Trainee: 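Next up is a structure, given as structure tokens.
As the structure lists them, so they are numbered: ligands from 1, and atoms in each ligand from 1. Each residue takes its place number in the sequence, starting with 1. Nothing here was measured: the structure is a model prediction, and the numbers come from that model.
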Amino acid sequence: MTTTIGAIPSIEANGAAIPLVGLGTWELRGRTCARIVEQALRLGYRHIDTAEMYDNERDVGDGIRASGVKRHDIFVTTKIWPSHFAPRALERATHDCLMRLRLSEVDLLLLHWPNPQIPLAETLPALCKMKTDGLTRHVGISNFTVALIEQALQIASEPLACDQVECHPFLDQSKVIAACRAHGMATVAYSPIARGSAKNDKVLARIGAAHKKTAAQICLRYLVQQGIVVIPRTSKLERLSENAALFDFALSDAEMAEIAALANRDGRIVDWSYSGNMKWD
Ligand SMILES: NC(=O)c1ccc[n+]([C@@H]2O[C@H](COP(=O)([O-])OP(=O)(O)OC[C@H]3O[C@@H](n4cnc5c(N)ncnc54)[C@H](OP(=O)(O)O)[C@@H]3O)[C@@H](O)[C@H]2O)c1
């Protein structure tokens, strides 16, 4: 692939400069994963999202090295799984992530899901220590509700850069987005194209036709235009540039309002009962 994309802007979030578009890597593994990461970076992506749970950190690391892009130009996020939230386990898990990625530090280390079985008062200081120990440049949380964000902020001794949550036009996340904003944190949208279903939406397709963009691009633009970071995943090389070409057009206020009206009660894709009922190990 020879096309390149323009520079992707970053958003400032409590000291972290997070590129507004990143590559999601859940379910990408092996050579496919390494190749997509490599090509994304060659195209101009500068932000890669992985997690210990994705079982692909080695492949992500391989892709980063194969790309030839300088390490300090790439923003790498990984996430610690809730079964590793006791302080010593968290420290061990962080070292294991870095060993698999073959990096000396990541840019952002997140708590992947809240774990009701281990007090935040134990986990947050352990997470912050990973920053002061130099294993990550920034720390943050994922799948935290507004109430849990407030709790985390009371405990954390380091600024929290983001809450990574499910976010797309079919789900109203205005409360969590407002809470992040109020505290200088970024909202990082996972499943930002609703696992691909945005491409079938008639409103997004119609607005896309007016801008000569695809429905998926309208969906992603709707988020980045609000300063929300998006991390769409694709296994297809040809979709990498589509998902990042979001900065050469703008949606009108009326188009933004029309897209906001797509939110509905059943819009959530990722099952939250997962969190409450989960066996953490
Ligand atoms: N923190 C968390 O708990 C959490 C949870 C879920 C996800 N995440 C992160 O967020 C990332 C993104 O979320 P996601 O993977 O759930 O879903 P997503 O990015 O919304 O959607 C991915 C799906 O959309 C398809 N797709 C990609 N680009 C497309 C396009 N331009 N047009 C049409 N279809 C397209 C992909 O298929 P092809 O491969 O065929 O292109 C794939 O099936 C994950 O990979 C992961 O890094 C985090």
Trainee: With a 4.5 Å heavy-atom cut-off, do E150 and H183 have their side chains touching?
Mentor: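 They are in side-chain contact.
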
Trainee: Nearest protein heavy-atom contact for atom 6 (C) of ligand 1: which residue, which atom, what distance?
Mentor: Y190 CD1, 3.3 Å

Trainee: With side chains defined as the heavy atoms from C-beta onward, is the minimum distance between Q173 and I228 less than 4.5 Å?
Mentor: no

Trainee: Should L103 and M99 be regarded as members of a common hydrophobic cluster, given that ILVMFWY residues are connected when their side-chain heavy atoms come within less than 4.5 Å of each other, either directly or indirectly?
Mentor: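 The answer is no; the residues belong to distinct hydrophobic clusters.
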
Trainee: S235 versus ligand 1: do any nitrogen or oxygen atoms come within less than 3.5 Å of each other?
Mentor: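 N/O-N/O distance under 3.5 Å: yes.
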
Trainee: Check salt bridge (charged side-chain N to carboxylate O under 4.0 Å, His left out) between D201 and all other residues, then give those that pass, not counting sequence neighbours.
Mentor: none

Trainee: Mark up the atoms of ligand 1 that fall under 4.0 Å of a heavy atom belonging to Q164, in ascending order.
Mentor: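 Matching atoms, with element in brackets: 1 (N), 2 (C), 4 (C), 8 (N), 9 (C), 48 (C).
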
Trainee: Which protein heavy atom lies closest to atom 21 (O) of ligand 1, and at what distance to 0.1 Å?
Mentor: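 For this ligand atom, the closest protein heavy atom is R195 CA, 3.2 Å.
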
Trainee: Considering only the protein, which heavy-atom contact is closest to atom 44 (C) of ligand 1, and what is its distance?
Mentor: W26 CB, 3.6 Å

Trainee: Which atoms of ligand 1 sit under 4.0 Å from any heavy atom of T234?
Mentor: 27 (C), 38 (P), 39 (O), 41 (O)

Trainee: Between C180 and I149, what is the shortest heavy-atom contact and its length?
Mentor: SG-CD1, 4.2 Å

Trainee: Which heavy atom of L28 sits nearest a heavy atom of S235, and at what distance?
Mentor: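 Scanning both residues, the minimum pair turns out to be CD2-CB, 3.7 Å.
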
Trainee: Parallel, tilted or perpendicular, judged at 30° and 60°: which one describes the rings of H138 and F75?
Mentor: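 Answer is parallel, since the angle falls under 30°.
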
Trainee: Can you tell which part of A216 has a heavy atom less than 4.0 Å from ligand 1: side chain, backbone, both or neither?
Mentor: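 It is the side chain that touches ligand 1; the backbone stays farther off.
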
Trainee: For atom 38 (P) of ligand 1, which protein heavy atom lies nearest, and how many Å away is it?
Mentor: R239 NH1, 3.4 Å

Trainee: Can you find an N/O atom of K199 closer than 3.5 Å to an N/O atom of ligand 1?
Mentor: no

Trainee: Please write down residue, atom name and distance for the protein heavy atom closest to atom 27 (C) of ligand 1.
Mentor: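 The closest heavy atom on the protein side is R233 O, 3.0 Å.
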
Trainee: Provide, to 0.1 Å, the distance between atom 3 (O) of ligand 1 and the closest protein heavy atom, together with that atom's residue and name.
Mentor: N143 ND2, 2.8 Å

Trainee: Can you sort out which atoms of ligand 1 are near I231, meaning under 4.0 Å from one of its heavy atoms?
Mentor: 9 (C), 10 (O), 11 (C), 12 (C)

Trainee: Has R58 got a side-chain atom pairing as donor or acceptor with G61's backbone, closer than 3.5 angstrom?
Mentor: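 No, because the side chain of R58 does not come within donor-acceptor range (under 3.5 Å) of the backbone of G61.
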
Trainee: Quick check: does V270 get an N/O under 3.5 Å from an N/O on ligand 1?
Mentor: no

Trainee: Do the side chain of H47 and the main chain of P19 share a donor and acceptor less than 3.5 angstrom apart?
Mentor: yes

Trainee: Please list, in number order, the atoms of ligand 1 under 4.0 Å from a heavy atom of K236.
Mentor: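 Counting atoms of ligand 1 from 1, those under 4.0 Å from K236 are 38 (P), 40 (O), 41 (O).
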
Trainee: What part of T50, side chain, backbone, both or neither, has a heavy atom within less than 4.0 angstrom of ligand 1?
Mentor: neither

Trainee: When you measure from atom 28 (N) of ligand 1 to every protein heavy atom, which one gives the shortest distance, and what is it?
Mentor: N243 ND2, 3.0 Å

Trainee: Same hydrophobic cluster for I269 and I177, using side-chain heavy-atom links shorter than 4.5 Å among ILVMFWY?
Mentor: no

Trainee: Against heavy atoms of H112, which atoms of ligand 1 measure under 4.0 Å?
Mentor: 1 (N), 2 (C), 3 (O)

Trainee: What is the closest protein heavy atom to atom 47 (O) of ligand 1, and at what distance does it sit?
Mentor: D49 OD2, 2.7 Å

Trainee: Suppose I only count heavy atoms of P232 and a 4.0 Å limit; which atoms of ligand 1 are within that range?
Mentor: 19 (O)

Trainee: Using side-chain heavy atoms (C-beta onward) and a distance below 4.5 Å, is L223 in contact with L246?
Mentor: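 Side chain of L223 against side chain of L246, heavy atoms only: no contact under 4.5 Å found.
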
Trainee: Specify side chain, backbone, both or neither for P192, according to which of its non-hydrogen atoms lie closer than 4.0 Å to ligand 1.
Mentor: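 Near ligand 1, P192 shows its backbone as well as its side chain.
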
Trainee: Return yes if some donor-acceptor pair links the side-chain N/O of T136 with the main-chain N/O of M130 below 3.5 Å, else return no.
Mentor: no

Trainee: Quick check: is Y54 connected to V230 through a chain of hydrophobic side chains (ILVMFWY, heavy atoms under 4.5 Å apart)?
Mentor: yes

Trainee: Looking at S142, which atoms of ligand 1 are within less than 4.0 Å of one of its heavy atoms?
Mentor: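 So the answer, numbered in order with elements, is 1 (N), 2 (C).
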
Trainee: Which atoms from ligand 1 have a heavy atom of T25 less than 4.0 Å away?
Mentor: 45 (O), 47 (O)

